[in-house]
Amino acid sequence: MLGLGIESTAHTFSCAVIEKKGNKGKILSDVRKIFRPADGEGIHPREASRHHIENSSSVLSECLDEANIKISDLDIVSYAAGPGLGPCLRVGAVVARSLASFYKIPIYPVNHALGHIELGKLLTGARNPLVLLVSGGHTMLLAFLNKQWRVFGETLDITLGQLLDQFGRSIGFASPCGKNIEELASKSSNYVTLPYSVKGNDVSFSGLLSATKSVAKTNQVDACYSLQETAFAMIAEAVERALSFTRKKELMIVGGVAANKRLSEMLQDVCKRHGSKFYVVPLKYAGDCGSQICWTGLLESKVKKGTLLKDTFVTQSWRLDSVKVDY
Ligand code: AMP
Ligand code: MG
């Protein structure tokens, strides 16, 4: 079975083709174009959507060429229907609807967060993990129970990705800034005390953001190091509590921030203490990409015949814990 997946929730426009045989999936192509705002600026939804419109046709053609298939070979098309930025979401949905209606291909709206998790499971081999989803749009701890992903902790304000990006932009980096902060942080081991805020099993990062900006006025390197140490320790505490509560024997980390080595190091320590296996999504597929959406669509096609075109919505704030997972 061949699927096409389209991702356009925020900065990335991506198309991917996956071949599914039984429970196995083979990524035949995954092409991405990423909207890069000017240094120090964030993503403007309208500008990002214009970027997606301008690049959608070339990304799709390249994706089909690389997979060596024609549109008429596709069995399904899926697109990220939310959560995300409205103008950006609409671009992916329009491309998917056009293909579905013209070529009569079944269409599947996919929850973006579910996409991160399902592709993570496919690529790591994790079976029943506690999931830490840390990206630009999410900071969530999740475990699967009775056909739904349940939240065991989340951010009360900004996400971990936003914390890193907003701080990075304030010291002049171009968004996304996580990698630059990681590089600068590795040059220091001088910890400056910063606000540490874990409430129950939720985290709050906005106070940490303001305080780190103040530290950066005198030393940007120490600020990066201390920011990572504080934010990741907060996450590790929440993960540790959720692991001991759910007694999961696997922890899987997905989302763009999963690329960070220091975060993995801290979480590996937590897993050792609890006798749990640690899985991290491969770097290439940590950030947003069409494969996440494609694989989830293919899984849904096991139990659903597709969605009527009139119901192919986009929803900016579509929470993962409201999605029924029947496959
Ligand atoms: P996503 O929304 O899943 O595409 O993830 C994007 C987020 O991942 C952005 O906030 C980036 O700053 C962050 N990110 C990417 N690479 C790293 C890294 N090496 N360390 C920390 N954060 C990162
Ligand atoms: Mg994402």
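Heavy-atom basis, side chains included; hydrogens, waters and symmetry copies ignored. Note that ligands are numbered from 1 as they come in the structure, with each ligand's atoms numbered from 1 the same way.
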Determine, for R262 against E229, whether the closest basic-nitrogen to carboxylate-oxygen distance falls under 4.0 angstrom.
-> yes
Side-chain donor-acceptor contact under 3.5 Å, T9 with E7 = yes
Specify the protein heavy atom at minimum distance from atom 20 (N) of ligand 1: its residue, its atom name, and the distance to 0.1 Å.
-> N260 ND2, 3.1 Å
Any salt bridge between K261 and E182, counting N to O under 4.0 Å?
-> no
If we only count heavy atoms from C-beta on, is the L99 to I71 side-chain gap below 4.5 Å?
-> yes
If you count the atoms of ligand 1 from 1 in the order shown, which ones are under 4.0 Å from a heavy atom of G136?
-> 1 (P), 2 (O), 5 (O), 6 (C), 7 (C)
Heavy-atom contacts with H116 under 4.0 Å: which atoms of ligand 1 show up? List them by number with element.
-> 3 (O)
Select one of side chain, backbone, both or neither to describe which atoms of C177 lie under 4.0 Å from any atom of ligand 1, heavy atoms only.
-> backbone
How about L4 and C63: do any of their side-chain heavy atoms sit closer than 4.5 Å?
-> yes
For atom 1 (P) of ligand 1, what's the nearest protein heavy atom and its distance?
-> D288 OD1, 3.4 Å
Atoms of ligand 1 close to L164 [distance to a heavy atom under 4.0 angstrom, numbered from 1] = 21 (C), 22 (N)
Which atoms from ligand 1 have a heavy atom of G161 less than 4.0 Å away?
-> 10 (O)
Among side-chain atoms of T312 and Y108, is any donor-acceptor pair under 3.5 angstrom?
-> no
Based purely on interatomic distance, does G287 place a nitrogen or oxygen under 3.5 Å from a nitrogen or oxygen of ligand 1?
-> no
What residue and heavy atom of the protein are closest to atom 10 (O) of ligand 1, and at what distance?
-> D165 OD2, 2.7 Å
Salt bridge check: are K305 and E300 linked by an N-O gap of less than 4.0 Å?
-> no
So which protein heavy atom does atom 11 (C) of ligand 1 come closest to, and at what separation?
-> P176 CB, 3.5 Å
Salt-bridge contact E54-R50 (side-chain N to carboxylate O under 4.0 Å) | no
Q162 N/O to ligand 1 N/O under 3.5 Å | no
For atom 5 (O) of ligand 1, grab the closest protein heavy atom and report residue, atom and distance to one decimal in Å.
-> G256 CA, 3.1 Å
Please work out whether any backbone atom (N, CA, C, O) or any side-chain heavy atom from C-beta onward of H11 is under 4.0 Å from ligand 1, and answer side chain, backbone, both or neither.
-> side chain
Take atom NZ in K179; do more than 12 heavy atoms of anything else shown fall under 6.0 Å from it?
-> no
For the Mg ion (ligand 2), check which protein N, O or S atoms are under 2.8 Å away and list them.
-> H112 NE2, H116 NE2, D288 OD1
Atom 23 (C) of ligand 1 [closest protein heavy-atom partner, distance rounded to 0.1 Å] = G178 CA, 3.6 Å
Between Q220 and Y225: side-chain donor-acceptor atoms closer than 3.5 Å = no
Between D326 and K324, is there a salt bridge with N-O shorter than 4.0 Å?
-> no
re atom 19 (N) of ligand 1, the protein heavy-atom contact at minimum distance is E182 OE1, 2.8 Å
Distance-only polar pair, side chains of S175 and R169, donor-acceptor under 3.5 Å = yes
Aromatic plane relationship, F152 with F245 - under 30° parallel, 30 to 60° tilted, over 60° perpendicular = tilted
